[in-house]
Amino acid sequence: MLPALSRSGHALNVRVFATELEAATACAGLVAAAIREKPSLVLGLPTGRTPLNVYREMGALHRRGEVDLSRVTTFNVDEFLGLPPDDPGSFRAYMERHLFQHVNLAPERIHFLDGSAERAERECARYDAQLAMAGGLDLLLLGVGSNGQVAFNEPGENLQSASHRARLSRDSRQALASFFGEDVSKVPLAGLTLGMGSLLQARRVVLLAFGVNKAAAVTALVRGPLTTQCPASLLQLHGNVEVWVDAAAGRGLEGSR
């Protein structure tokens with residue numbers, strides 16, 4: 001890994017892979033190694049296109065008997081507001097399709113924000129309490145939006161520390177349209193998300209970014225100033241963040257060492 005200095009002076013561990021698949025395979029191996037070291041790992045999980053190959057490889061590792069998730073606890077970082085868990089467009093359904101049904105996670109150890117909850121604020125408080133009872137996140141996987149968004153923490157004047165209801169930006173909804181038949185009008189307008197406080201309290205963070213459309217956000221994360229207009233930049237405050245990118249996403253990082 002390359003120690004890259006941001007403008008704020010914090011060292012970030014940046015690793016540039018030749019391809020997305022190479023990075024995803026390595027990430028699945030990292031998760032498996034963390035679970036072998038701590039079988040009761042508390043794991044934070046993202047959705048979207050970025051982690052698909054990671055989840056596919058984790059399923060393959062489980063089938064080969066190379067990882068046992070029976071004692072792992074998971075917390076997903078966000079969910080669409082207004083969608084029940086069994087809605088095909090929900091992130092809960094996404095996780096069932098792409099990871100949960102392919103590994104041996106115990107159902108009672110899977111934690112999710114409920115997008116169909118009648119009172120969003122109460123649901124967010126419940127989720128934060130569950131995460132606190134679990135002892136916080138040992139390992140957090142993250143993606144990043146092209147606008148610097150992490151989870152559903154969108155750019156803005158202020159960022160919230162606790163879980164909260166978030167209005168989704170046009171960029172975010174456009175990026176998620178592929179999960180709704182390429183019809184952006186079907187993408188919910190809002191979501192529930194872990195706040196930046198919970199994300200920054202994770203003991204280890206691995207952020208993945210692939211493709212040229214993520215290059216500007218990656219450069220802002222690694223080399224830019226701390227700003228709420230790029231929520232990912234706040235990860236510079238964390239002491240144990242690894243930024244794993246393919247060559248396209250990392251093209252703006254030349255000379256960042």
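Under the rule for a side-chain contact (heavy atoms from CB on, under 4.5 Å), the partners of Arg71 that lie at least two apart in sequence or sit in another chain are Pro39, Ser40. A search for ring-ring contact (aromatic ring centres under 6.0 Å, His included) contacts involving Phe210 returns nothing, not counting sequence neighbours.
Distance alone, capped at 3.5 Å, is enough to place a donor-acceptor pair between the Thr25 side chain and the Leu21 backbone. A donor-acceptor pair under 3.5 Å is formed between the side chain of Gln149 and the backbone N or O of Ala151. Under the 3.5 Å distance criterion, the side-chain polar atoms of Lys186 are left unmatched by any main-chain donor or acceptor of Ala177. Here the side chain of Glu123 pairs no donor or acceptor atom with the backbone of Ala117 at under 3.5 angstrom. For the pair Glu79 (side chain) and Gly191 (backbone), a donor-acceptor distance under 3.5 Å is absent. Side-chain atoms of Ser116 never come within 3.5 Å of backbone atoms of Pro84 as a donor-acceptor pair (strictly under, hydrogens ignored). In this structure, Asn153 contributes its side chain and Leu194 its backbone to a donor-acceptor pair below 3.5 Å. In terms of modelled atom types and a separation under 3.5 Å, the side chain of His164 and the main chain of Leu159 share no donor-acceptor contact. The backbone N or O of Thr227 sits less than 3.5 Å from a side-chain atom of Ser233, completing a donor-acceptor pair. Thr228 places a side-chain N or O within donor-acceptor distance of the main-chain N or O of Gly156, the cut-off being under 3.5 Å.
For the atom pair NZ (Lys214) and CG (Leu221), the distance works out to 12.0 Å, reported to the nearest 0.5 Å. Residue Leu69 holds its CG atom at 5.0 Å from CE of Met58, rounded to the nearest 0.5 Å. Atoms OG and CZ, on Ser90 and Phe179 in that order, are 12.0 Å from each other to the nearest 0.5 Å. In this structure, CZ on Arg63 lies 12.5 Å from CG on Asn104, to the nearest 0.5 angstrom. A distance of 8.0 Å separates CG in Leu141 from CG in Leu30, rounded to the nearest 0.5 Å. Between Met196 atom CE and Ser198 atom OG the span is 10.0 Å, to the nearest 0.5 Å.
Two residues are said to be in side-chain contact when any heavy atoms from C-beta on lie closer than 4.5 Å; Phe152 and Arg167 fail this criterion. Looking at heavy atoms from C-beta onward, Leu140 lies in side-chain contact with Val77 at the 4.5 angstrom threshold. With contacts defined as side-chain heavy-atom distances shorter than 4.5 Å, the pair Asp246/Val16 does not qualify. Counting heavy atoms from C-beta outward, Asn158 and Gln160 have side chains that stay 4.5 Å or more apart. The side-chain heavy atoms of Val72 and Leu105, taken from C-beta on, include a pair separated by under 4.5 Å. Residues Tyr55 and Thr47 fail the side-chain proximity criterion, which asks for heavy atoms closer than 4.5 Å. Using a 4.5 Å cut-off on side-chain heavy atoms (C-beta onward), Leu234 and Leu199 make no contact.
Listed here is the closest heavy atom pair of Leu192 and Gly115: CD1-CA, 4.2 Å. Between Gly250 and Val245 the shortest heavy-atom distance is CA-CG2, 3.8 Å. When all heavy atoms of Leu113 and Asp78 are compared, the closest pair comes out as CD1-CA, 4.2 Å. Between Gly143 and Leu207, the closest heavy-atom pair is O-CD1, 4.0 Å. Contact record, Pro231 with Pro155: CG-N, 3.7 Å, taken as the closest heavy-atom pair. Heavy-atom minimum distance, Ala24 versus Asn53: CB-CB, 3.5 Å.
Atom CZ of Arg97 has more than 12 neighbouring heavy atoms from other residues, nucleotides or ligands inside a 6.0 Å radius. The number of heavy-atom neighbours closer than 6.0 Å to CZ of Arg165, taken from other residues, nucleotides and ligands shown, is 12 or below. Within a 6.0 Å sphere centred on CD of Glu37, other residues, nucleotides and ligands contribute 12 heavy atoms or fewer. At most 12 non-hydrogen atoms from other residues, nucleotides or ligands lie less than 6.0 angstrom from CZ of Arg251. Atom CD of Glu118 has 12 or fewer neighbouring heavy atoms from other residues, nucleotides or ligands inside a 6.0 Å radius.
A donor-acceptor pair shorter than 3.5 Å can be found between the side chains of Ser163 and Asp128. Side-chain contact of Ser169 with Glu154: a donor-acceptor pair under 3.5 Å is present, judged by distance alone.
Looking at Leu45, Val42, Leu43 one by one, the single match for side-chain contact (heavy atoms from CB on, under 4.5 Å) with Leu139 turns out to be Leu43.
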- Could you check Leu235 against Leu237 for side chain to side chain contact (heavy atoms under 4.5 Å, CB included), going step by step and ending with a plain yes or no? CA-CA 5 Å; Leu235 292 170; Leu237 298 170; over 6 Å; no
- side chain to side chain contact (heavy atoms under 4.5 Å, CB included) assessment of Leu142 paired with Val206: CA-CA 6 Å; Leu142 279 180; Val206 178; over 6 Å; no
- Message: Show, in sequence, the C-alpha distance, side-chain angles and deciding distance for Arg126 and Gln130, and conclude whether the side chain to side chain donor-acceptor pair (under 3.5 Å) test is met.
- Response: CA-CA 6 Å; Arg126 177 198 67 82; Gln130 280 195 326; 2.9 Å; yes
- Item | Worked check of side chain to side chain contact (heavy atoms under 4.5 Å, CB included) between Asp68 and Ile35 | CA-CA 8 Å; Asp68 174 13; Ile35 293 170; 5.8 Å; no
- Message: Walk me through whether His111 and Leu131 qualify under side chain to side chain contact (heavy atoms under 4.5 Å, CB included).
- Response: CA-CA 9 Å; His111 297 282; Leu131 180 55; over 6 Å; no
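Using bins of under 30°, 30° to 60° and over 60° for the plane-to-plane angle, the ring pair Phe17/Trp244 lands in the tilted bin. Note: Phe75 and Tyr127 have perpendicular aromatic rings, judged against thresholds of 30 and 60 degrees for the angle between ring planes.
Between Phe80 and Phe180, the ring center distance clears the sub-6.0 Å criterion.
A salt bridge links Glu66 with Arg64: at least one charged nitrogen is closer than 4.0 Å to a carboxylate oxygen. Taking a cutoff of 4.0 Å between a charged side-chain nitrogen and a carboxylate oxygen, Asp138 and Lys38 qualify as a salt bridge.
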